[in-house]
Amino acid sequence: MPPNKQRNHKMDFKNLIAHCKEYGFIFPSSEIYDGLSAVYDYGPYGVELKNNIKDYWWKSMVQMHENIVGIDAAIFMHPKTWKASGHVDAFNDPLVDNKDSKKRYRADQLIEGYVEKIEAKNLKDIEKARARFGDAFDEAHFRATNDRIIERQKQIDTVLDRLAQAMKAGDMEELKAMVDEYEIVCPESGSRNWTEVRQFNLMFSTQLGNIAGEEGKLYLRPETAQGIFVNFLNVQKSTRQKIPFGIAQIGKAFRNEIVARQFIFRTREFEQMEMQFFIRPGTEMEWYHYWKEARLKWHKALGTDPAKLRFHDHVNLAHYANAAVDIEFEFPFGFRELEGIHSRTDFDLSQHQELSGKKIQYFDPELNESYVPYVVETSIGCDRMFLAMISDAIREETVPDAEGQDSVRTVMKLHPVLAPVKAAVLPLLKNKEELTKAAMDVFDKLKLSFICQYDEKDAIGRRYRRQDAIGTPYCITIDFETLENNTVTIRERDSLEQKRVHISEVKQHIQDGIAMEQLFV
RNA sequence: GCGGAAGUAGCUCAUUUGGUAGAGCAUCAGCCUUCCAAGCUGAGGGUCGCGGGUUCGAGUCUCGUCUUCCGCUCCA
C-alpha cells in the first residue's frame with residue numbers, strides 16, 4: 001500500500017478487544033481473580049454508549065409509537081412461566097456426542113428415532129396387508145392380531161416407557177444404557193462411539209428462600225419476552241390500548257450456554273431489547289413485514305455500513321413461530337444474528353392462558369368477538385448491538401501530522417447520537433491561566449447539557465487523538481483569539497475540520513449534531 | 001466438548017545455550033510549549049497466570065491447573 005495514500009484499516013478483533021479495555025469500554029469480569037469466562041463489565045465509556053443505544057431503541061419504540069408502551073418486569077418469574085413458554089422442556093436437554101463425527105445429539109431424540117424405525121416396519125407390514133385384503137382390511141384388527149406387529153408394538157411401548165421414566169427421573173446413565181442397548185448409530189458417522197449422556201440445562205436456576213421442595217426452585221429468565229406476555233392483561237387494561245399495540249422491554253436475560261464465545265457476542269448474562277406487538281389473528285404477515293422493514297431502517301439510520309447488514313430467513317422454525325427472520329450484521333468474525341423478528345402466533349398467550357387458567361383474550365369491537373391475540377416480536381441483543389457499533393466504528397486511519405507526514409490515528413466513528421462523550425473542552429495551552437480559566441467556563445456551561453470532558457494535559461494534537469480513540473464528535477478549543485472576541489474553534493472528529501464559532505453558539509452546534517430527532521426522519 | 005496459539009509493568013513487547021527482570025508508550029510531579037500522537041528532568045509501578053517437580057540456582061526446562069484468543073453446532 002502506498003505510504004502517502006489515505007487508508008482505512010479495519011482493526012482486527014483482538015485489537016478491538018484490547019482497545020475496548022484500554023479505553024474504558026469493556027473490562028473482563030473479575031479480572032483480579034483471573035477473570036470469569038465469557039463475562040464482561042462495561043466501563044465508563046461503555047456504559048454511556050450502551051445507555052445511548054438503549055435510549056435510541058426505547059425512543060424509537062415507545063416515544064415514536066403511541067401504540068407501544070414500555071414495562072420493566074422482574075427477572076424472577078413464577079416457575080410455571082417457563083413450563084408455559086416451553087423453556088423447561090426445550091432448554092433441558094440430555095446431550096450426547098458422537099466421538100467420530102463430533103456431532104452432538106439429544107439422546108431422547110436418538111431413542112425416539114429408534115422407535116420410529118420400528119414403527120416404520122409396522123407400517124410397511126400394514127401396507128402390505130392392506131394391498132392383500134383390499135377394502136375388507138381392518139387396520140385396528142390387524143394390529144391387534146398380527147404376531148409380528150404385536151411383538152414390535154410391545155417393544156415400542158417398552159422403549160417409550162423406559163424413555164419417559166428416564167427423562168422424568170433425569171437418569172442420564174439409563175439414557176446412555178438405552179443408546180448402547182438398542183445399538184443406535186450416529187446418522188453422520190454410522191459409529192456407536194458415544195460419550196456419556198450429559199444433561200445441559202440452559203436455564204440458570206436459583207432458589208427462593210423458606211419454601212420447601214420443588215416450589216422453591218426459580219429460574220433466571222432466559223428471555224424478557226415472558227414478562228411481557230404475563231403482563232398482557234395488566235398493560236392492556238391500565239393503558240386502554242387497542243389492538244394492534246405493542247409492549248417494549250429492555251432487560252437482562254440469562255442462558256447457561258454450553259460454549260460462550262466471541263467477546264460480548266455470546267455471553268451467559270446478556271441484555272435484550274424486546275418488543276411484542278399484539279395483533280388480530282390473520283394479520284400477522286402484514287405486521288411481520290412491517291416490522292422487518294422498520295427494524296432494518298432503524299439500523300441504517302445510524303449510518304452503519306449497509307453492506308454489513310442483511311436479512312436471513314429462518315428455515316427451521318422454533319416451536320412458537322410461523323415465520324422468522326434475522327437481521328444479521330457482519331461482525332469481525334463474519335455475519336451473525338443481531339436481531340430477530342418472529343411471528344409467534346398465539347402460542348405464548350395461549351400457553352399462559354392454559355397453565356394459569358386465566359382468560360387471556362382481547363375483545364375486538366370491530367369484529368365483535370374475543371380472541372387470543374397473535375404476536376410479532378422484535379428482539380435485539382443489546383450487547384451484540386454494542387459490538388456491532390464498535391466494530392463498525394473503529395478504524396485506524398493515516399492522517400497528516402504537524403509536519404505533513406503520515407501518522408496513524410485510531411478513531412471511533414460512532415454516530416454522534418451514540419458517542420459516549422459528546423464534547424471535549426481544551427485550552428490550547430495549560431500554562432496560560434487566561435486560557436484554562438476561559439476553557440473551564442465553557443466546560444462548566446456545557447456540562448449542564450452533555451457528557452463533556454475537560455483536558456489540558458499534553459500537546460493539543462495528542463488531546464485530539466485521545467478524544468478520537470473514544471469517539472468524541474466535537475473538540476472545543478480555547479485559544480488566544482477566544483480572549484479577544486469570545487470565539488472558539490470546534491473540531492469535527494471525522495473530517496478534522498475546524499469551525500470558529502461564538503461561545504454563545506457552541507451549545508446549539510453540539511445539540512444539532514447529537515440530536516436523536518435526525519435518526520427518526 | 002475436541003483441536004491450534006498464547007499468558008512477563010496500565011498497554012505493546014523484549015529477556016540469546018537456566019544465573020533472582022528491561023524498553024517504548026501510559027501514569028504522577030516539575031519545566032517547556034500558539035492547533036492534530038511520540039520535547040526535557042525526576043518519580044512510582046512487576047509474587048514473570050497459579051501450583052508442584054528437576055537444579056546450587058527457574059521468567060527460561062518439566063508436569064498439572066486456570067484463563068484468554070482462533071476454528072466446529074444452537075441462540076439475542
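Quick caveat, the model's predicted, so the values are computed rather than measured. Just so we're on the same page: letters track the sequence lines, and every chain starts at 1.
- Between B/C61 and B/C48, the distance separating the two C1' atoms is 16 Å to the nearest Å.
- Looking only at distances, a side-chain donor or acceptor of A/Gln272 sits under 3.5 Å from a matching main-chain atom of A/Thr224.
- Using a 4.0 Å cut-off between charged nitrogen and carboxylate oxygen, A/Asp180 and A/Lys176 count as a salt-bridge pair.
- Taking atom P on both nucleotides, B/G3 is separated from B/C50 by 26 Å, rounded to a whole Å.
- Salt-bridge annotation for A/Arg462 and A/Asp455: absent, with no side-chain N of the basic residue lying under 4.0 Å from a carboxylate O of the acidic one.
- For the pairing with A/Thr472, the side chain to side chain donor-acceptor pair (under 3.5 Å) check across A/Arg493, A/Gln467, A/Gln453 returns one residue only, A/Gln467.
- Among the protein residues, A/Gln498 comes within range of the nucleic acid bases, having at least one heavy atom under 4.0 Å from a base atom.
- Rounded to whole Å, the distance from CZ on A/Arg463 to P on B/A38 is 12 Å.
- If you check every strand for non-hydrogen atoms under 4.0 Å, A/Arg462 touches sugar and phosphate atoms only.
- Comparing the C1' positions of B/G44 and B/G1 gives an interatomic distance of 46 Å, to the nearest angstrom.
- In this structure, A/Lys457 places its NZ atom 13 Å from P of B/C31, rounding to the nearest Å.
- Here the separation of B/C72 from B/G53, taken at their P atoms, is 42 Å to the nearest Å.
- At whole-Å resolution of the value, CZ in A/Phe335 and P in B/A76 are 19 Å apart.
- Nucleic acid contact for A/Thr267: base, since at least one base atom lies under 4.0 Å from a heavy atom of the residue.
- To the nearest whole angstrom, the two C1' atoms, one in B/U20 and one in B/A58, are 9 Å apart.
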